[in-house]
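Working notes, beginning with the structure itself.
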There are 2 protein chains.
Amino acid sequence: MTKERADAARNREKVLAAAAELFAAKDPRTVTMEDIARAAGVGRGTLYRRYPDVASIATALLDEHEKALQHELLQGPPPLGPGAPPRERLAAFYAAMVELLDRHVHLALGAETGARRYVTGAYGFWRAHVIALLRAAEVADPDALADALLAPLAPDVFAYQRERGVTPARLTAALAELARVLDR
Amino acid sequence: MTKERADAARNREKVLAAAAELFAAKDPRTVTMEDIARAAGVGRGTLYRRYPDVASIATALLDEHEKALQHELLQGPPPLGPGAPPRERLAAFYAAMVELLDRHVHLALGAETGARRYVTGAYGFWRAHVIALLRAAEVADPDALADALLAPLAPDVFAYQRERGVTPARLTAALAELARVLDR
DNA sequence: CGTGCAACCGGACACCGTGTCCGCTTCGCC
DNA sequence: GGCGAAGCGGACACGGTGTCCGGTTGCACG
């Protein structure tokens with residue numbers, strides 16, 4: 001990773017800015033590489049030089065926001081960070097994720113092309129975190145439960161619920177309850 | 001819906017058979033209309049006459065299998081059908097769905113292009129069923145919880161877990177526990 | 001039977017997005 | 001200010017989509 005050339009950096013900015021706008025403006029699943037290139041005033045070749053596909057651009061944009069939450073989970077104050085009982089931490093995690101989703105569904109939706117969700121680094125992080133919490137709560141088979149408990153946070157589920165009139169607040173409440181009743 | 005012409009019926013059979021084979025043979029998400037037409041020995045126009053896209057063909061194939069389960073939920077013996085306590089019925093539902101998924105993931109994956117999952121008639125059925133159970137169990141906000149509880153049954157989640165080594169049996173056990181601890 | 005009409009078939013077509021390739025431009029170090 | 005390398009971007013070939021329409025086939029009715 002040597003130093004980035006000035007023109008390259010300039011283009012990277014233009015691309016990310018244009019992409020962010022596009023994802024917010026229209027159905028993120030219909031945004032194409034061509035769209036982004038045009039909006040950024042950049043050739044398609046330039047785009048492909050850095051990002052293999054649309055999803056990876058959305059992921060790059062999303063990562064920034066996820067980083068903050070990941071940091072809080074690891075060393076922030078309870079109940080998000082260490083110190084609170086596992087079920088409380090799980091509830092807090094749910095709440096934080098719902099808030100994150102609420103602000104950035106468009107990006108999250110854009111980042112999903114098929115099973116892409118699970119290969120992204122972030123999912124692995126959430127997974128590891130939930131598994132650790134479940135283990136601490138002495139629940140049976142944390143490995144199997146973790147993905148099941150993360151599934152409600154899938155962007156398309158969230159988008160669907162919101163569209164149906166389930167507010168983030170109600171969802172948070174429902175998930176908090178779910179977290180608290182886990183195994184006794 | 002007048003009577004179907006003989007040649008049309010013949011072609012419908014050929015198409016469904018060829019599609020079933022294709023979905024099972026390769027990654028269902030990469031099956032194309034052209035593939036199916038070629039495999040069925042049928043023109044592309046013929047395909048489009050009946051099915052607007054690949055997903056709807058997979059859905060048609062899947063529906064057949066889902067119908068049976070839906071019937072059992074409505075009027076089969078407990079614990080799947082009416083008569084058992086709601087949490088037991090939910091656990092049984094989970095078990096049945098996992099088994100269904102295990103047998104037909106390829107179809108379920110083929111049926112999913114983006115948010116297609118939620119517009120299909122089947123999802124609405126599962127949703128209504130779970131909501132009814134939650135209401136009977138006197139859980140708070142069944143509407144918000146239902147989608148969350150159905151999320152772990154998303155085909156891509158199932159496929160991912162299985163690929164990771166979580167057997168259907170373990171998944172069933174984990175979900176059963178989840179169902180039983182709901183709200184107290 | 002045979003005939004006519006409607007339903008059905010299927011290949012051709014135009015379009016769009018993808019991903020790659022390569023001649024040209026720009027950068028920044030010496 | 002010159003030069004090597006990194007970066008750029010348009011052109012290209014490909015593959016899938018969805019539509020359209022001339023030709024074909026099935027079936028009801030005489």
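Throughout, a chain's letter reflects where its sequence line sits, starting with A, and its residues are numbered from 1.
With 3.5 Å as the limit, one finds a donor-acceptor pair spanning the side chains of A:Tyr160 and A:Arg164.
One atom, CE of A:Met33, and another, P of D:dC8, lie 14 Å apart when rounded to the nearest Å. Atom CD in B:Glu34 sits roughly 7 Å away from atom P in D:dT17 (whole-Å rounding). Between B:Ile36 atom CD1 and D:dG18 atom C1' there is a gap of 15 Å when expressed in whole angstrom units. Distance A:Arg38 CZ to D:dG9 C1': 14 Å, rounded to the nearest Å. With rounding to whole Å, A:Leu47 atom CG is found 13 Å from C:dT20 atom P. Atom-to-atom, NZ of A:Lys14 to P of D:dC8 comes out at 9 Å; the value is rounded to the nearest Å.
In terms of modelled atom types and a separation under 3.5 Å, the side chain of A:Thr167 and the main chain of A:Arg170 share a donor-acceptor contact. B:Arg89 contributes a side-chain N or O that, together with a main-chain N or O of B:Gly81, makes up a donor-acceptor pair within less than 3.5 Å.
If you find the closest nucleotide of DNA chain D to A:Arg12 and to B:Asp35, the one lying nearer the 5' end belongs to A:Arg12.
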Pairs under 3.5 angstrom, nitrogen or oxygen only, protein versus nucleotides 28-30 of chain C, please.
{"residue": "C:dG28", "atom": "OP1", "partner": "A:Ala6", "partner atom": "N", "Å": "2.9"}

TODO: Go through the steps to decide whether B:Arg162 and B:Asp102 satisfy the test side chain to side chain contact (heavy atoms under 4.5 Å, CB included), and finish with yes or no.
DONE: CA-CA 9 Å; B:Arg162 206 169 62 171; B:Asp102 190 38; 2.6 Å; yes

Task: Working for side chain to side chain contact (heavy atoms under 4.5 Å, CB included), residues B:Phe93 and B:Val98 - done: CA-CA 9 Å; B:Phe93 168 69; B:Val98 168; over 6 Å; no

TODO: Take A:Leu90 and A:Leu149 through the side chain to side chain contact (heavy atoms under 4.5 Å, CB included) test and state the conclusion after the steps.
DONE: CA-CA 10 Å; A:Leu90 184 56; A:Leu149 291 180; 4.2 Å; yes

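Checking the phosphate oxygens (OP1, OP2) of C:dT26, no side-chain nitrogen or oxygen of A:Arg10 falls inside 4.0 Å. Distances shorter than 4.0 Å separate some side-chain N or O of B:Thr46 from OP1 or OP2 on C:dG10. Contact annotation: B:Asn11 side-chain N/O to C:dC8 OP1/OP2 distance is not under 4.0 Å.
Residue-level contact check: A:Thr32 touches the backbone only, with heavy atoms under 4.0 Å from sugar-phosphate atoms and none from bases.
Residue A:Arg44 places a side-chain atom within donor-acceptor reach of the base of C:dG19, judged by atom type and a 3.5 Å distance cut-off alone.
Among the nucleotides C:dG10, C:dT18, C:dC9, the one closest to the side chain of B:Val42 is C:dG10.
Across residues 48-62 of chain A, A:Arg49, A:Arg50 each have a non-hydrogen atom less than 4.0 Å from an atom of DNA chain D (numbered order).
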Side-chain donor-acceptor contacts of residues 61-80 of chain B below 3.5 Å, not counting sequence neighbours, with atom names and distances?
{"residue": "B:His65", "atom": "ND1", "partner": "B:His104", "partner atom": "NE2", "Å": "3.4"}

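The pair A:Asp147-A:Arg127 meets the salt-bridge criterion, with a side-chain N (NZ, NE, NH1 or NH2) lying under 4.0 Å from an Asp/Glu carboxylate O.
Summarising the geometry, atom NE2 belonging to A:His129 is positioned 10.0 Å from atom CG belonging to A:Leu134; distances are rounded to the nearest 0.5 Å.
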